[in-house]
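Heads up, the thing below is written out as structure tokens.
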Amino acid sequence: QARARSARSPTQPSEPKVKMMLSSSATSASPLLRPLALPRAKLQMLALGNDAFAELRQRIANVEAGDALESEFYALGRASLPVVCLDPMLPRQRFELTSADPTFSRFLRAVGLGGLFAVVGLNFRQKRIRRHGVVVRVEYVDAAQTAPDLSERIPSTVSAFLVAGRRLQVVGPAEQMRRRVGRWRQNYADGEMGGGTALGWGDELFVNAREGEAVGGDDEDLGEVPSSHGAWSELPVQILMEPDEATLFELRGATSEYTTGAAAAIVADAATLGELLQEWESVVRNPNTYSDSKVVAGFLARGETNPGTVLDKVLKDLGPQPSSSSPTALALWGAALVNPIPSLGVALELRGAVLEAQTAKERLTIVTRGVRRSIANLRGEQPL
């Protein structure tokens with residue numbers, strides 16, 4: 001090896017260390033230089049060559065760009081994002097999905113790893129889109145970005161991990177607001193094999209704002225708004241976060257108005273909810289809970305038998321339970337726990353109503369009522 005180094009021209013660039021180790025070991029009979037037992041995945045990566053490493057570098061760059069854009073959105077308190085109507089999500093919830101919808105595949109591919117968009121829910125009673133939702137970040141997507149026109153390598157299915165960040169509100173008039181959003185509808189599936197529903201973009205009617213609710217002004221009131229991805233229809237949104245919500249995002253130095261004596265009643269309500277959530281978790285984890293035929297538990301219909309496994313994963317995503325001095329954070333955390341992704345099917349849907357609530361007290365009331373109702377179901381006293 002010393003002779004080989006001395007024979008190399010001073011201007012000759014050194015080869016990659018991995019390649020040197022492989023080539024030297026492959027030509028040597030010495031037991032000290034046997035071929036490296038690299039994992040199959042690493043050998044495949046080496047075989048792919050520069051293209052694979054270039055794609056890896058691009059993915060890292062996409063994540064860094066997403067970090068910068070997300071920070072800009074939150075610092076300004078406003079953004080312009082594509083809006084997609086899915087099941088409601090709450091801060092820190094993670095949605096792992098696989099979809100064969102061609103439009104959704106192209107959309108996730110365009111947004112890309114580290115990309116951001118808005119997720120809102122549907123008010124089923126009114127059959128209108130909800131104004132409130134969350135910023136969602138793509139933490140994993142298996143469809144690589146290649147051609148600018150997105151015409152190459154579009155997969156038949158796409159898998160992705162979506163992680164919910166801060167709350168948001170779609171900006172617009174208080175009544176009869178129509179905006180172009182993504183939504184699954186039957187008419188978008190015309191001509192698709194198997195029928196059903198498909199994702200498409202079209203003008204949709206939003207729920208009216210509640211009396212006294214701030215709607216963020218009209219579009220032109222926001223001024224210049226940073227954009228996430230210009231290839232898809234985007235809407236101006238206002239980023240929402242109460243001071244006592246900061247603990248969900250591990251922000252330091254945030255203050256809460258609920259640490260003062262003037263809000264002792266709200267802190268007491270939050271403490272009550274915290275105790276109920278611990279009781280709820282204990283009942284959900286108890287296998288004897290489900291021996292009662294009156295108990296409604298949707299996860300059993302999926303063939304699952306251990307709800308504790310789902311809760312363990314959910315709690316890993318949500319982090320520790322916030323204290324009663326952060327009632328907004330606790331209410332959002334509690335609703336995400338009893339309405340996890342995937343659903344346990346043991347509680348009524350709370351997430352959309354919690355997102356639309358205007359005060360900490362209202363959020364606590366919604367979640368406390370929902371948790372009590374779920375416990376009554378789990379005890380066989382009042383099935384869902």
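Note that the structure is predicted; figures quoted are calculated from it, not measured.
The main-chain N or O of Arg130 is never found under 3.5 Å from a side-chain atom of Glu356 such that the two would form a donor-acceptor pair. Looking at Ser374, its side chain does come within 3.5 Å of a backbone N or O of Val346 through a donor-acceptor pair. Put simply, the side chain of Asp203 never gets that close to the backbone of Arg178: no donor and acceptor are under 3.5 Å apart. A donor-acceptor contact shorter than 3.5 Å is absent between the side chain of Trp333 and the backbone of Arg92. Judged by distance alone, the side chain of Arg373 and the main-chain N or O of Pro383 form a donor-acceptor pair under 3.5 Å. The main-chain N or O of Trp184 is never found under 3.5 Å from a side-chain atom of Thr197 such that the two would form a donor-acceptor pair. Between the side chain of Ser291 and the backbone N or O of Pro287 there is no donor-acceptor pair closer than 3.5 Å. Asp101 contributes no side-chain N or O that, together with a main-chain N or O of Ala198, makes up a donor-acceptor pair within less than 3.5 Å.
Taking every heavy atom of both residues into account, Ile129 and Val120 meet most closely at CG2-CG2, 3.5 Å. The two residues Ser99 and Ser105 make their nearest non-hydrogen contact at O-OG, 4.0 Å. Considering every non-hydrogen atom in both Leu378 and Thr289, the closest pair reads O-CG2, 3.2 Å. Across Thr247 and Ala329, no two heavy atoms sit closer than the pair OG1-CB, 3.4 Å. Listed here is the closest heavy atom pair of Val284 and Tyr290: O-OH, 2.6 Å. When every heavy atom of Ala270 is checked against every heavy atom of Pro327, the shortest pair comes out as CB-CB, 4.0 Å.
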| Between His132 and Leu240, does a side chain to side chain contact (heavy atoms under 4.5 Å, CB included) hold up when you go through it step by step? | CA-CA 9 Å; His132 295 80; Leu240 307 174; 3.9 Å; yes
| field | Check against side chain to side chain contact (heavy atoms under 4.5 Å, CB included), Glu234 and Leu81 | value | CA-CA 5 Å; Glu234 297 184 346; Leu81 293 169; 5.8 Å; no
| field | Derivation and outcome, salt bridge (charged side-chain N to carboxylate O under 4.0 Å, His left out), residues Glu213 and Arg131 | value | CA-CA 11 Å; Glu213 178 183 354; Arg131 293 170 174 264; 5.6 Å; no
| request: Show your working on side chain to side chain contact (heavy atoms under 4.5 Å, CB included) between Asp317 and Gln93 and close with a plain yes or no. | output: CA-CA 7 Å; Asp317 294 336; Gln93 283 196 310; over 6 Å; no
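Arg94 has its side chain out of reach of Ile341: every pair of non-hydrogen atoms, C-beta onward, lies at least 4.5 Å apart. Leu315 has its side chain within reach of Leu337: a pair of non-hydrogen atoms, C-beta onward, lies under 4.5 Å apart. For the pair Val310 and Leu344, the minimum side-chain heavy-atom distance is below 4.5 Å. Looking only at side-chain heavy atoms (C-beta outward), Val134 and Pro91 come within less than 4.5 Å of each other.
Atom CG of Leu311 is separated from atom CG of Asn306 by 9.0 Å, given to the nearest 0.5 angstrom.
Remark: Arg351 engages Glu349 in a salt bridge, criterion side-chain N to carboxylate O under 4.0 Å. Classification of Glu362 and Arg210 as a salt-bridged pair holds, one side-chain N sitting under 4.0 Å from a carboxylate O. For Arg285 and Asp312, the salt-bridge test passes: some basic side-chain N is under 4.0 Å from an acidic carboxylate O. Taking 4.0 Å as the cut-off between side-chain N and carboxylate O, Glu245 and Arg167 count as a salt-bridged pair.
Ring orientation note: the planes of Trp201 and Phe107 are tilted relative to one another, at an angle of 30° to 60°.
Judged by the 6.0 Å distance and 45° axis criteria, Arg166 is positioned over the aromatic ring of Phe249.
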